[in-house]
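One-based numbering, in listed order, for ligands and for the atoms of each.
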Amino acid sequence: MSTSEGHLIFDGCDTVELAREYGTPLYVVSEATIRARIAEIKSAFLEKRPGSRAAFASKAFQTLDMCRIAASEGLYLDVVSGGEIHAALRAGFDPARMYFHGNAKTERELHMALELGVGRVVVDNLDELRALNGIALGIGKRQPILFRITPGVDSHTHQYIDTGRIDSKFGIPLDPSVRGEYIGAALGMGGVELKGFHFHVGSQLLENDSHLKAVAIAIGFIAEVKRDFGFEATELNLGGGFGVRYTEADRPKGLAYYTDAMCDAVDALCREKCLAVPSLAIEPGRWIVGEAGITLYGVASVKEIPGIRSYVAVDGGMTDNPRPALYGAKYEAVLANKQGLPAAGKYTIAGKCCETGDIIARDIALPAPEPGDILAVFATGAYNYTMASNYNRTPRPALVMTNAGKRRLSVRRESYDDLIAREI
Ligand SMILES: Cc1ncc(COP(=O)(O)O)c(C=O)c1O
């Protein structure tokens with residue numbers, strides 16, 4: 001990020017010009033940053049550990065362009081719905097390189113996945129296992145699966161994105177009284193082929209301790225399964241969750257901080273427990289795209305409540321970024337057309353939705369804002385575009401991809417007619 005003549009420059013592009021050309025609100029996502037992150041995945045993990053895999057978690061940011069980038073870089077893809085599978089296919093993504101997740105996969109989705117030849121189904125529960133087995137037998141396939149396990153680790157993140165605790169809707173519980181049921185069932189089924197296990201401890205984790213605790217639990221579990229069932233896992237998927245910088249308070253470390261420590265722990269624990277080392281996979285979403293995106297808004301109004309606070313209202317809000325309302329997520333912002341001007345005070349950025357909680361950021365120091373200014377909110381690349389809604393009949397923003405000074409429209413803005421297109 002830099003400035004030129006008072007304008008914010010993002011990935012070599014003048015953000016004020018982008019706002020003028022494509023309108024606001026506007027998602028701007030840097031392909032250069034995404035590819036740089038993937039290069040780090042290669043050097044910090046894949047190249048150090050032959051046979052390992054990295055998948056991009058579609059839920060963080062799935063567009064056709066993003067699927068093409070992931071495919072061109074040799075990544076695998078984490079998908080969680082028929083819709084994500086369909087979009088990835090349309091982008092030309094090889095289904096054999098997909099991990100199909102989810103705690104409530106429908107029969108229709110399972111059929112689709114099996115018929116297309118999705119590489120791994122990550123099974124969440126016994127009902128899904130039985131349904132999958134039935135479908136696979138019906139079409140004469142043996143589907144490779146992983147079980148998602150719930151390691152029971154408290155990941156010190158917001159409870160809605162803390163997915164690895166024992167009381168979680170995701171994954172099979174490791175309680176000895178029930179886990180045997182899952183493993184025994186899978187090993188006795190002709191339609192599935194158990195390859196190993198998967199965990200995902202939570203999201204936006206800036207420390208590696210939760211991942212390491214989960215590795216210890218997973219390897220202990222693999223050893224017990226070997227002892228009790230004679231089955232030795234050949235694959236272990238370590239999930240995503242690696243933290244990024246949203247505000248100055250966040251101090252993310254490089255990917256190797258997580259992956260080196262997890263790989264070392266896997267190697268040491270397997271040695272100790274006389275296990276063959278399983279091939280490892282990671283599946284980051286936010287870490288690849290979070291800092292690659294910004295959102296540009298037009299300032300609609302500025303309102304001072306004397307002695308209390310000043311609101312800057314913008315032309316988007318929780319419809320394009322629900323994270324502050326959902327998780328209390330924090331963001332930083334600047335006036336893209338007033339770079340270099342001194343701050344005139346602290347402002348709270350309000351969205352345009354009819355919800356008091358539609359606040360994008362609080363107490364942000366800005367130069368005196370006026371209607372027509374362009375506000376840039378940083379680190380909106382993950383879980384914004386994919387979580388956007390049409391609340392208040394708000395059309396979803398356009399999305400522009402930049403790459404070292406070049407830009408192209410990747411997703412067009414929704415029209416008012418798009419908003420009623422499905423209504424009869
Ligand atoms: C199974 C699974 N894998 C990967 C991810 C990606 O997480 P993140 O974007 O934090 O890396 C998630 C997020 O919820 C997940 O549930």
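- Within the listing of ligand 1, atoms 1 (C) sit less than 4.0 angstrom from a heavy atom of His101.
- Close N/O approach between Ala60 and ligand 1 is not found [any backbone or side-chain N/O within under 3.5 Å].
- Relative orientation of the Phe147 and Phe197 rings is parallel, given thresholds of 30° and 60° on the angle between their planes.
- At a heavy-atom cutoff of 4.0 Å, ligand 1 is contacted by both the backbone and the side chain of Glu283.
- Using modelled atom types and a 3.5 Å distance limit, the side chains of Thr380 and Asn321 yield no donor-acceptor pair.
- Considering both main-chain and side-chain atoms, Arg286 comes within under 3.5 Å of ligand 1 through a nitrogen or oxygen pair.
- Residue Asp78 approaches ligand 1 through these ligand atoms, each under 4.0 Å from one of its heavy atoms: 2 (C), 3 (N), 4 (C).
- Two residues are said to be in side-chain contact when any heavy atoms from C-beta on lie closer than 4.5 Å; Val411 and Tyr385 meet this criterion.
- If you number the atoms of ligand 1 from 1 as listed, the ones under 4.0 Å from a heavy atom of Pro284 come out as 11 (O).
- Using a non-hydrogen distance threshold of 4.0 Å, Gly241 registers as a contact of ligand 1.
- Under 4.0 angstrom from ligand 1, the non-hydrogen atoms of Tyr383 all belong to its side chain.
- Residue Arg148 has at least one heavy-atom neighbour below 4.0 Å for each of these atoms of ligand 1: 1 (C), 16 (O).
- Counting the atoms of ligand 1 from 1 in the order shown, those under 4.0 Å from a heavy atom of Ala57 are 4 (C), 5 (C), 6 (C).
- A donor atom on one side chain and an acceptor atom on the other are found under 3.5 Å apart for Asp320 and Tyr297.
- Taking only nitrogen or oxygen atoms, main chain and side chain alike, Ser203 reaches within less than 3.5 Å of ligand 1.
- Partner of Arg407 under the salt bridge (charged side-chain N to carboxylate O under 4.0 Å, His left out) criterion, out of Glu17, Glu21, Glu31: Glu21 alone.
- For a threshold of 3.5 Å applied to N or O pairs, the pair formed by Gly202 and ligand 1 contains no separation below that value.
- Here the side chains of Glu232 and Leu275 are in contact, with some heavy-atom distance below 4.5 Å.
- Checking side-chain atoms of Glu109 against main-chain N and O of Lys105 turns up no donor-acceptor pair under 3.5 Å.
- The ligand atoms of ligand 1 that sit less than 4.0 angstrom from a heavy atom of His198 are 1 (C).
- The main-chain N or O of His101 is never found under 3.5 Å from a side-chain atom of Arg120 such that the two would form a donor-acceptor pair.
- Side chain of Glu332 to backbone of Ala361: no donor-acceptor contact under 3.5 angstrom is found.
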